[in-house]
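FYI, side chains are in, hydrogens and waters are out, and symmetry mates aren't considered; it's all heavy atoms of this structure.
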Amino acid sequence: MRKDIHISYEHFRNSTELNEIEQALFEKAKLAREKAYAPYSDFFVGCAILLENGSIFSGSNQENAAFPSGLCAERTTLYWVAANFPDVKIKKIFIVGGPKEFSESSLPIPPCGSCRQSIIEYETKQNENIDLYFANLKEETIKVHSIKDLLPFSFDGTYL
């Protein structure tokens, strides 16, 4: 029996289509991107996380010559937030990324597999979906209402 998977998402052509909070998250992620340490890949990514208490925290990818010792922007930000605010729910994650030298053909950059797995861990822990946005520098943005939309056959602690 065949079953199809349908991904529910929203597509915004530029930041003027985002609401005020989403625009603020875009700007924070964009600024964080500029602080990335990516001398090997020249692929710069910034992430901003909104907590239920209204706080916004950001981070960037950090590479290392000893691959894979570096970390993606999503995980540097997510782990810092979780370590410092373990009981505060995450409401939104906004990612802005792409090559250091931005090109008009750059697409919105989704989280990698490791980041998807990390995000689903926190969604499961808080028992509440996290809105996830990923964008490029020309402000084109994709929004999903749960990481499960990008990882439909997810693995979590229920399998252990």
Side-chain angles (χ1 to χ4, degrees), residues 5-38 40-52 54-63 68 70-82 85 88-126 128-156:
I5 295 173
H6 299 279
I7 297 172
S8 176
Y9 69 94
E10 294 176 61
H11 180 233
F12 304 95
R13 287 182 292 279
N14 58 58
S15 66
T16 61
E17 296 178 10
L18 301 173
N19 67 36
E20 190 175 320
I21 292 290
E22 293 165 337
Q23 287 178 7
L25 289 166
F26 173 82
E27 289 302 322
K28 293 273 189 188
K30 184 178 166 185
L31 286 173
R33 178 188 176 277
E34 294 172 5
K35 298 175 185 171
Y37 178 69
Y40 309 103
S41 69
D42 278 337
F43 197 82
F44 285 52
V45 181
C47 177
I49 292 179
L50 172 69
L51 300 180
E52 70 179 344
S55 298
I56 298 174
F57 297 95
S58 61
S60 59
N61 58 313
Q62 301 295 309
E63 291 183 351
L71 270 183
C72 299
E74 298 91 312
R75 285 181 285 150
T76 61
T77 313
L78 185 62
Y79 294 160
W80 188 92
V81 165
F85 300 92
V88 181
K89 289 184 178 180
I90 296 167
K91 302 304 281 182
K92 299 178 184 299
I93 297 175
F94 209 113
I95 305 155
V96 177
K100 181 178 182 179
E101 297 304 321
F102 176 71
S103 118
E104 283 297 316
S105 63
S106 296
L107 298 171
I109 306 299
C112 73
S114 293
C115 290
R116 292 175 195 209
Q117 184 64 41
S118 296
I119 294 167
I120 206 154
E121 186 73 23
Y122 291 97
E123 241 188 35
T124 302
K125 176 186 173 213
Q126 70 184 30
E128 186 174 305
N129 289 351
I130 298 169
D131 287 337
L132 179 69
Y133 304 76
F134 49 98
N136 59 23
L137 288 175
K138 65 180 178 184
E139 303 178 359
E140 182 181 4
T141 303
I142 304 292
K143 175 187 178 183
V144 295
H145 296 282
S146 169
I147 193 65
K148 294 175 193 112
D149 291 327
L150 299 181
L151 195 61
F153 294 102
S154 59
F155 178 84
D156 62 26

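- The CD atom of E139 sits 10.0 Å away from the CD atom of E17 when rounded to the nearest 0.5 Å.
- Closest non-hydrogen pair, G98 versus I109, comes out as N-CG1, 3.9 Å.
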Kindly determine whether S118 and E74 satisfy side chain to side chain donor-acceptor pair (under 3.5 Å), including the steps that lead there.
-> CA-CA 9 Å; S118 296; E74 298 91 312; over 6 Å; no
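- Atom CD in Q23 sits 14.0 Å away from atom NZ in K28 (nearest 0.5 Å).
- One finds the CD atom of E128 at 7.0 Å from the CD atom of E52 (value rounded to the nearest 0.5 Å).
- Closest of all the heavy-atom pairs between F43 and A38 is O-CB, 3.5 Å.
- Among all heavy-atom pairs drawn from S8 and V144, the shortest one is O-CG1, 3.8 Å.
- V81 has its side chain out of reach of V88: every pair of non-hydrogen atoms, C-beta onward, lies at least 4.5 Å apart.
- For Y9, the OH atom is loosely surrounded, since the number of other residues' heavy atoms within 6.0 Å does not exceed 12.
- Between the side chains of S41 and E63, at least one donor-acceptor pair of N or O atoms lies under 3.5 Å.
- Taking 4.5 Å as the limit, every side-chain heavy atom of I142 sits out of range of all side-chain heavy atoms of P110.
- Taking 4.0 Å as the cut-off between side-chain N and carboxylate O, D131 and K92 count as a salt-bridged pair.
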Would you please test S114 and C72 for side-chain contact (heavy atoms from CB on, under 4.5 Å) and show each step?
-> CA-CA 9 Å; S114 293; C72 299; 6.0 Å; no
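- Panel note: side chain R116, backbone I147; no donor-acceptor pair is recorded below 3.5 Å.
- Evaluation of the salt bridge (charged side-chain N to carboxylate O under 4.0 Å, His left out) rule for E34 yields no partner, not counting sequence neighbours.
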V96 and T141: side-chain contact (heavy atoms from CB on, under 4.5 Å), yes or no, with the steps?
-> CA-CA 9 Å; V96 177; T141 303; over 6 Å; no
Under the side-chain contact (heavy atoms from CB on, under 4.5 Å) criterion, do L51 and I90 qualify, and how do the steps go?
-> CA-CA 5 Å; L51 300 180; I90 296 167; 3.9 Å; yes
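- Between A29 and F94, the shortest heavy-atom distance links the atoms CB-O, 3.6 Å.
- Screening T124, L78, L150 for a side chain to side chain contact (heavy atoms under 4.5 Å, CB included) involving I119 leaves a single residue, L78.
- Rounded to the nearest 0.5 angstrom, S60 OG and R33 CZ are separated by 10.5 Å.
- Contact detail for V45 and A73: the closest heavy-atom pair is O-CB, 3.3 Å.
- Y133 has its ring centre no less than 6.0 Å from the ring centre of F12.
- Separating the CZ atom in F85 from the CD1 atom in I49 is a distance of 11.5 Å, to the nearest 0.5 Å.
- Between F26 and L18 the shortest heavy-atom distance is CB-CD1, 4.4 Å.
- For E121, there are no side-chain contact (heavy atoms from CB on, under 4.5 Å) partners two or more places apart in sequence or in a different chain.
- With hydrogens and angles ignored, the 3.5 Å screen pairs a side-chain donor or acceptor of Q117 with a backbone N or O of F155.
- Here the CZ atom belonging to R13 is positioned 7.5 Å from the NE2 atom belonging to H11, to the nearest 0.5 angstrom.
- Scanning for salt bridge (charged side-chain N to carboxylate O under 4.0 Å, His left out) contacts around K138 gives an empty result, with sequence neighbours left out.
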